[in-house]
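Comments concern the structure below.
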Amino acid sequence: MERVKINRLLGSETALEQVIIKGWVRTKRDSKTFSFMEINDGSCLKSIQVIAGEELANYNEIEKVTTGSALCVTGRLVESPGKGQRWEIQADGVEIISVAPENYPLQKKRHTDEYLRTIAHLRPRTNKFGAAFRIRSEAIYAIHKFYRDKGFRCLSAPVITGSDCEGAGEMFRVTSLDPADVAKQGRMNFKEDFFGTQANLTVSGQLSAEMFAMALGDVYTFGPTFRAEDSNTSRHVAEFWMLEPEMAFCDLDANMDHAEELVKTLTRHVMEHCADDLALFTQFVDKKLGGVLDTLVNEDYARVTYDEGIEILLKSGKKFEFPVENGTDLQSEHERFLAEEHFKKPVFLTNYPKEIKPFYMRQNDDGRTVAAVDLLVPRIGELIGGSQREERLDVLEARMDEMGLPKEDYWWYLDSRRFGTVPHAGFGMGFERFLMLVTGITNIRDVVPFPRTPGKIDF
RNA sequence: UCCCCAGUAGCUCAGUUGGCAGAGCGAGUGGCUGUUAACCACUUUGUCCGCGGUUCAAAUCCGUGCUGGGGAGCCA
């Protein structure tokens, strides 16, 4: 007989004569002649109640079972006479797989997120983090399903790159050079390094995705990216996952349509498949989460240009710490005002001044702005950043010259504009930020299994 | 990297004017009960973050370092 996952038992329509479950004890309530044990196996938020009576041969052993211990229970699934649960298991046999000693760090009470971060290897055993990581898993599946249903191909972009072309902040260096030799020589001799040149961990798969969009049409990359920025905030980690679709024959408007459909589909998927886990976040993390999710799924997202956004901010009468100025990037407080107070829903901001955006974004006819788009959402700020790409070789090269970028390093990228270039567009979505949005979790470290931040690489 | 706040028992915290180190929870023991973060009784627990200074006396005041949190910048 095979063991059954607890989520299946709890959804059972009928009582069952014999079942086997395996899991860990969440709480235990003893009486003289029997014990109630809540068993959780991670298959769902809820635990199942097991009743073990003194008639069991090893009852004196069962009495010593503690929170965190692992059990294999054989028994009958019966309707529970007690309140609080429909089903429970009357145990016919309890095999003690292992007993957790009394210094098991997870107590039968709520712990702070800060404390649980210090035991990140154990925190998925808590209700909150178990729920968060089940949702994370389900969202990963939803992404691949969404793109497969739309006929996109998944591209595995390289994690180690030879160029820092994306220009998105500090990169982690990848080297096989011996630090002792480097110290002796007083420099890094990249010619002797593994790749014969400087190498880094990727900050974006976009340029790779553009190449494949010119071949497979619609593609996406979804994988880890790395930033060596010394940023200490609740919204940044050094290693995070980014989703980057790239679409041939696509302009800025279609890019936004796609982004809106993506966020709505992912959110709806999580709502449908993780209802219990989301309910925990609504109850304990953010009482307004239900409304946030409804807005994400049902509202049409606002779409305004950067210039219009600046106008709204200037006319708002709101006092900002930093002045609103056309030509500079928006501050966090500006983004939050637009999404949270003015529109009260996600808002696309388009056509930014070219000076504050990267070289690859398509120049608009006004010569001043580029076809960029950011999706700003309440509480998080920028969830998505993207653009229509510059497909015209002469315009792209001129822009690279203006910005002082070495064209020879980008020969392969420029080839895509030489041979059969087409209008195309794409964006990047920070996966962890999406998870923060749908769970209400306010610290990005709590949606990453083992977060990497400056000075921290435990576990 | 900058600004602000915090660090006291395993966890969450209190500690008044500088004057004997405290509570709740957890854990342990016993009891009781179809219990629901069970309940009742008893027991247990300290490098007051580290270092240096002021003082008769420092958890408390000063300096400094470390760690954590919030915000900013940068960004996703």
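In what follows, chains carry the letters A, B, and so on, assigned in the order in which the sequence lines appear, proteins first and then strands, with residues in each chain numbered from 1.
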What is the distance from NZ of A:K28 to P of B:A27, rounded to the nearest Å? 11 Å
Of the nucleotides B:G10, B:G34, B:G69, which has the atom closest to the A:E114 side chain? B:G69
Rounded interatomic separation in angstrom, taking NZ from A:K83 and P from B:G34: 14 Å
Tell me which of A:M429 and A:T442 sits closer to the 5' end of RNA chain B, going by the nucleotide each one is nearest to. A:T442
For atom P, what is the distance between B:U1 and B:G53, given to the nearest Å? 29 Å
At a cut-off of 3.5 Å, list every protein nitrogen or oxygen paired with a nitrogen or oxygen from nucleotides 41-44 of chain B, distance to 0.1 Å.
none

Measure CD/A:Q107 against C1'/B:A9 and give the value in whole Å, please. 11 Å
Determine the Euclidean distance between corresponding P atoms of B:C3 and B:G10; express it in Å to zero decimal places. 34 Å
Examine the side chains of A:E391 and A:H424 and answer whether a donor and an acceptor come within less than 3.5 Å of each other. no
Length of the CZ-P vector between A:F431 and B:C75, whole Å: 24 Å
I want to check one thing: is the phosphate of B:A38, taken as OP1 and OP2, less than 4.0 Å away from some side-chain N or O of A:T27? yes
Face-on cation placement of A:K264 at A:Y301 ring, 6.0 Å and 45° thresholds: yes
NZ/NE/NH1/NH2 to OD/OE distance under 4.0 Å, A:R445 and A:D113: no
Expressed in angstrom and rounded to an integer, what is the separation of A:K108 atom NZ from B:A38 atom P? 5 Å
What is the distance, to the nearest angstrom, from the OH atom on A:Y115 to the C1' atom on B:G7? 16 Å
Pair A:K357 + A:D374, salt bridge at N-O below 4.0 Å: yes
Where the side chain of A:N443 is defined as all heavy atoms beyond and including C-beta, which of B:U35, B:G69, B:A72 is the nearest nucleotide? B:G69
Among B:G73, B:U1, B:G69, which nucleotide sits nearest the side chain of A:T233? B:G73
Could you please name the option among B:C75, B:G34, B:G70 that lies closest to any side-chain atom of A:E335? B:C75
From CG of A:L330 over to C1' of B:G73, roughly how many Å is that when rounded to an integer? 14 Å
Of the listed B:G34, B:A27, B:U1, the closest approach to the A:D230 side chain comes from B:U1
From A:E341 CD over to A:K318 NZ, what is the distance, rounded to the nearest 0.5 angstrom? 3.5 Å
Under 4.5 Å between any side-chain heavy atoms of A:T202 and A:M171, yes or no? no
For the pair made of CD in A:E333 and P in B:C74, what is the distance, rounded to whole Å? 12 Å
Would you jot down, in residue-number order, the residues of residues 57-68 of chain A having a non-hydrogen atom under 4.0 Å from RNA chain B? none
